[in-house]
Amino acid sequence: MAVSNVKRLAFTLMDASTDKEPEVQEQVYNSLCYMGESAPADVLESCDSYLRQHEKLSYMHRTVILRAMETIVKDNLHTLSKQTAKMVILLASNEMTKSKDLVFDWQQAASRVLVAVGRNFINSVMEELLIKFQPGVLPHFFIMQTLANLSVANVFGMVPFLNSILGTMLPMLGMAKQDHMKAVFCVALQHFSESIQEYLANLDKAPDPTVRKDTFSTEIFNAYDVLFNNWLQNRESKVRLAVVEALGPMSHLLPNEKLEEHLPRLIPGIISLYKKNVESFFVTKSLCQILESSVCNDSRSLETQMDSILGALHSQICSSMDASTQVMVRNHNEVLRCFTVLASKYPDHLLNFLLPKLETSNTKVRMGTLLILKQVINSATSYMDTKKPLILVAVKQPLQDGSNRVRRAMVQLISAMAHHGYLEQAGGDVLLEYLIKLCCMTPEMTLKRQNSEPEDVTDENVRRISINTLYLISTTVDRMTSILWPYLLEFVIPIQFSNALTPLCKSLVQLGQKKQEEGVETFLINYNLNANLPSPHGLFARLLVVSAMLELGDGRSAAALRLLNVMQINIHPTVGQCWGHEVPQLLQHLDEDEGKSLTPKDWEVKMLKFLVDTLQAVADDAWICQLAAEMSKQLPNYNGFATEKNFLYRCIGTTLGTCKNRAVVKKQLQELLANARYQEEPEREGLAEAFGLCSVHHLEDTLDKMSEFLKSDLMKKNMGIFNLFKDRSDGELEKIKSSLILCYGYVAIYAPTELLLPRIESDILRNIFLYFHTKVLGIKVESKDLTLKLCLIRSISMIGLAICNSSQASFFNFARKAELVNQLMEFIKSEPADALKTALRHRCLVACTYLVKLEPPLSDANKTELINTSLSSVFSLPAVGTGGKGEFLKETLYQDTLDALKDLLRSLLVWNLTPKGLQEMFQVMTPWIKSTKEHERERVMDVSADLLECYLRKLNVNSVVPFHNQGLLIGGLATRCADSLASTRQRAVDCIYYLLYIQLRYEGFAPDYKDESVEKLQTFRQGLQNPDSGVLFHTCFNIAMIIGKRLPPEQLTSLIFITFEGLSDPDKNCSRAATVMVNSLLKDRGSVLLSKVPEIIVRVHDQLQESQEEHVKKAAIQTVYILATQHVGAVVTSLLSSQVPYDSETCTLWRALSTDPPLTAQVLELLLGKLSGDVPYKECKTSMLSSASGRVATLTPLTATCALQEVLSAPESAPAVLELYPQLFTALLLRISAMVGVQLPKNLGGNKEKKSSGSSSSRTLDPCSSAVEALKFMLIQGGCEEVTLSVEADSGWENMKKEDSHHVGVAALSRRHRADLWKFLTAPGQRNRSRRVKLLEALRTALPVAGLTATKGCLESQDRRKRTVPSQTQRKVTAKTRGNARRNLQKHLD
């Protein structure tokens, strides 16, 4: 049942193979193969049945099934039964020969099935094939193809059949007319020949060991004759190619005499095919086989053809070096194999041909020749042993070739020569030096190519292969150990081999370890017998410098350290214990760090400590003195290598400091001064540090040597008067003096403090300024050289630092401190304010930072000058851009300068760590906080936050004290929370954060106390990145709430006052933020400000005068409004104290009180109270010389009237007017009547010294007119605008102001107002009833009184004008006038 299922499934799968999709067919193939693993016979039987049942199945689908059968047969060959094998053989044979036409894929698949079966069932397969391979009948193409493949697949089974097969096939060669048949016969002959050769080579395993070459020679020669003489000339390239492939294997089976006879024709014939359209690889392969046959036969005719053979092969090797395909690579390898064959027979002829070609300038010819030499050296070693000197001389010629391809070939050749003993010969050292030079290659060292075409082999490729080769021959070629050790040490010190130090050191480490294993005696180096070797002092000095160069990043430091560790006993016998402990630790630092955290500077410090420990371990003064001399000797080697030379200087200083021989120390110091290259900054730096390190143990000698140098002939020559005036573009003298000044600075840093302090002012500073100032004709001249200035500043910094670090710093009185600070300030002032081109500012600020820490403290004047100069020098610099490398360096320099400024200000602040000291610092910075330039504000806020953080960190409160100026400080900084720059906004929040915590510290809270509300400020920083004004102002409001919550009441006024000043900030956002903050604070804390209301009103008024911006006006209005809602009486009283006539700012403030009806009603009631609280006028003399008197308005009712006029002029006051209409109408109408003819008082209120705005100077004031205007505004806001216009049309308002017509104006007002009043009084409803009653009573009182008062005033005025006693007539007229007035008024009233 299971078998049946397998067959059904197999049939189903094969049905699916008819699908046209290749993916489906492949799946069918895989599935059949998978099934064949478990049931091969069943699947094979199914395939056989299916193919026989489906005769018309397409070739493509039959091929899929045959492929599956081949795979199943291969995988299960040894388990197949003979019956199954016969079934498969018959099927495959039938499929293969069914069609006479060639259907390659199908028939090839069938052929491969037969070959697969034939590996185990050769007799069955041959039985089937020979049936179809009959004499005289040209066989099927795939019969021959199958025989050919089968002969290779099953050599031992097939060779016994070949003799008869060849006998049958040879007559058929003449019958083959078609090219494909000729080609398949050639393939068959090729494979038959290869099978025979393999059979003969393995006779011990063969079933018939009696088989000999002669058995097949005759048939092979006959076939050869047809192929070479007839078919090789065929026009079809495929036929020629098949012939060439066959001739090579066939040549091994030709009779010796026949091969010798035909060789003069055979080799040229094969070589000539290179020029025809035949693949070179097959020609070369055949030629190589023919050459092997000839050499094996000791052919005499071969030597006569050597020149042509070598020429053809050399051309092939030169053309195949750029092999881009696999076939070309194979051809290249076959050509090299040909040279190997020839080298074994004709080495002299071969070298005579090759070596002259090394002299050519053609790159390809040289490369090809070098590759051939490498091949024959490696593969024909025994034949080349006697030729070593000749080859060594010849290969020196290509050493000068600049082509990287030639260099690579040379390196490969050197590697081969090293393995075979060539480098042990005389001249081998030249090749080793060449190899090491190639290890140094960099792109900059590459000479200009003669050939402009780009090379595919780069400098790095050559360098890498050279390094690998050097290491390879050092570690794997045992015979090279005695050659390379200690020879490679000669290349350690010369600077030109620096780039090769990593592989050199690695190789020397391996060689040294090998020597150590051999024994101490073989490892020890006899420096006397090796004159070219460097001394142990020189090796140590060189490797120490190399080890310290961490930044090179090529593993050089670790390699040099490892070499030092290996060389212990060869450097000095006593360093073993020290280095054995320290070198592994240093290497561990390098391995663990991998360049992440260990800086070059830190690493150099570790290496200097290693040097000190080594010198202590040596403890041999003579050896140490020799080391110092060797280090000085190596200094010129590092010209152009600033970092290495600088470190070597430090090593010299350290070594001299350890040296006990003072004479040697002085001599070496003198040599350093005499030979230094003062024009180079790193050199000056290194020299100075060397002197500083030497002064650790030789302060006296170091200072004496520098003083002597000042008096030396060299300095006198350079400081002569003529040299001072001649134009020296190189500035040599200044550079020398700069170096010496710097030397004094480093001496101050390194020298013992107890010896240094007494000599700072007497020796060091005196000599420094002696170098800096030059006297010409007795006049002190200050140098303008920038380098000299910078060195002076650095020396001052180092002197200050040395004193600061001294344990005696607090007791040392630095008398020249102020002088040095002033000198530094002069340097800063001399710098351009609009550019940052040098590090002078930065250096000056650093120096000042150290100086201000010293005793005695600076005076207040000097301190203020220092702060002002420093801030101006840094803050006024233009904004730093971002972009290219230059901008990056500039930005770095600016950041360094800003950091130095912060350090200086912190140092100054620490001297006076009090609220007063903090206030003094911020008073100087206030103008910069309000700067119009963004970058200046950003800088000052950054510095401010840094100072406040320092203050908080350093603050130590022993008792609870008030932070009395906190409000001023917060007010000056808070508005910057809305700055146009996000960074400025964030730093402003930081400032407030620190200030609030400072307040908490002063209140007695612990340093680690965290206040919840203050901590919220940090959460606002992220929101301040949003430039949206709405978000910013909301954040400012929140900040103000936190400030108001934490600020003590006594600080609130100063905070509000200083924040008021922010209303005029050039940044409008900040100005608006000031408004938000002031108003927020007033709303939240305004209730406690009753006593400060007058001051606040004055500040608001002043701010309005200073700025005419609309947003400032709105802010003032809002402020007064908020204040009035809490202290309306105080606000009204404060505003009434202003001088009348009111200026525009005061008017604005009065109108601010009309925005809210309830508040406006309160204000109006208060003003009405002020209006009625005093008599309207007083009788006063009009003149000091006259007894006549006049009426003068009293001040309070007058100012109240003016205030009413301003409040009522605002349309927003209408609701309040309607509420107080009767009271207002009565009071104002009475005020008008009382003010007719009344004069202004001399004192109009306010502060006379207070400046007034231009708007107030143009305003005039009349007591009656102001009342009239107030009444007009009251009527308008009360809804009686038509009445106002009607009275105006009747000139009623003007009549009211006049004494003689006042009653007319009042009557006009009454008449025009009657209709509107009647509408109001008779309006239905009870809502306004009480108001109507009040209004009616007011009118009944006000109008008569106003009229009578006006009449009385008019008459009294007339009486006063008539000074004489009236006559009877006049009395009658007066009485008549009064009567008419009363009647007219009564009439109008009725």
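Only this structure's heavy atoms are used, side chains among them; waters, hydrogens and symmetry mates stay out.
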Atom [atom1] of residue position [X] - does it have more than 12 heavy atoms of other residues, nucleotides or ligands inside 6.0 Å?
X	atom1	answer
Glu257	CD	yes
Lys396	NZ	yes
Lys387	NZ	yes

*Name all residues meeting the ring-ring contact (aromatic ring centres under 6.0 Å, His included) criterion together with Tyr383; count only those two or more places apart in sequence or in a different chain, and write none if there are none.*
none
In a check of side-chain contact (heavy atoms from CB on, under 4.5 Å) between [X] and each of [options], which one passes?
X	options	answer
Leu232	Leu273, Leu227, Val226, Val239	Leu273
Leu254	Thr218, Asn297, Leu247, Ile220	Ile220
His419	Ile377, Thr381, Thr476	Thr476

_Distance under 6.0 Å and angle within 45° of ring axis: Lys285 vs Phe281_ = no
*Give a yes/no verdict on a cation-pi contact between Lys388 and Tyr422, requiring under 6.0 Å between NZ or CZ and the six-membered ring centre and an angle within 45° of the axis.*
yes
Within the 3.5 Å criterion, strictly below it, is a donor on [X] or [Y] matched to an acceptor on the partner's side chain?
X	Y	value
Asn331	Ser280	no
Thr458	Asn461	yes
Asp385	His420	no
Ser315	Tyr274	no
Asn229	Arg265	yes
Ser193	His252	no

*Over all heavy atoms of both residues, which pair between Leu358 and Arg366 is shortest? Give the atoms and the distance, please.*
O-NE, 2.8 Å
*Take Arg235 and Asp179 through the test salt bridge (charged side-chain N to carboxylate O under 4.0 Å, His left out) and record every step on the way to the result.*
CA-CA 10 Å; Arg235 294 181 180 179; Asp179 290 337; over 6 Å; no
_Separation of Ser308 OG from Ile267 CD1 (nearest 0.5 Å)_ = 7.5 Å
_If I take atom CE from residue Met169 and atom CZ from residue Phe192, how far apart are they, to the nearest 0.5 angstrom?_
5.5 Å
*Working for salt bridge (charged side-chain N to carboxylate O under 4.0 Å, His left out), residues Lys182 and Glu236*: CA-CA 10 Å; Lys182 292 179 180 179; Glu236 178 58 44; over 6 Å; no
*For residues Thr481 and Lys515, determine if any side-chain heavy atom of one lies less than 4.5 Å from a side-chain heavy atom of the other.*
yes
*Close side-chain approach of Ser415 to Leu472, heavy-atom, < 4.5 Å*: yes
*Begin with the C-alpha distance, continue with both residues' side-chain angles, and end with the deciding distance and a verdict on side chain to side chain donor-acceptor pair (under 3.5 Å) for Ser299 and Glu260.*
CA-CA 6 Å; Ser299 172; Glu260 184 69 15; 2.7 Å; yes
*Any donor and acceptor pair, going by atom type alone, linking the side chain of Ser286 with main-chain N or O of Gly248 inside 3.5 Å?*
yes
*Apply salt bridge (charged side-chain N to carboxylate O under 4.0 Å, His left out) to Glu460 and Arg464, showing your working.*
CA-CA 6 Å; Glu460 182 59 28; Arg464 184 53 51 196; 3.5 Å; yes
*With a 4.0 Å cut-off, would you call Asp554 and Arg556 a salt bridge?*
yes
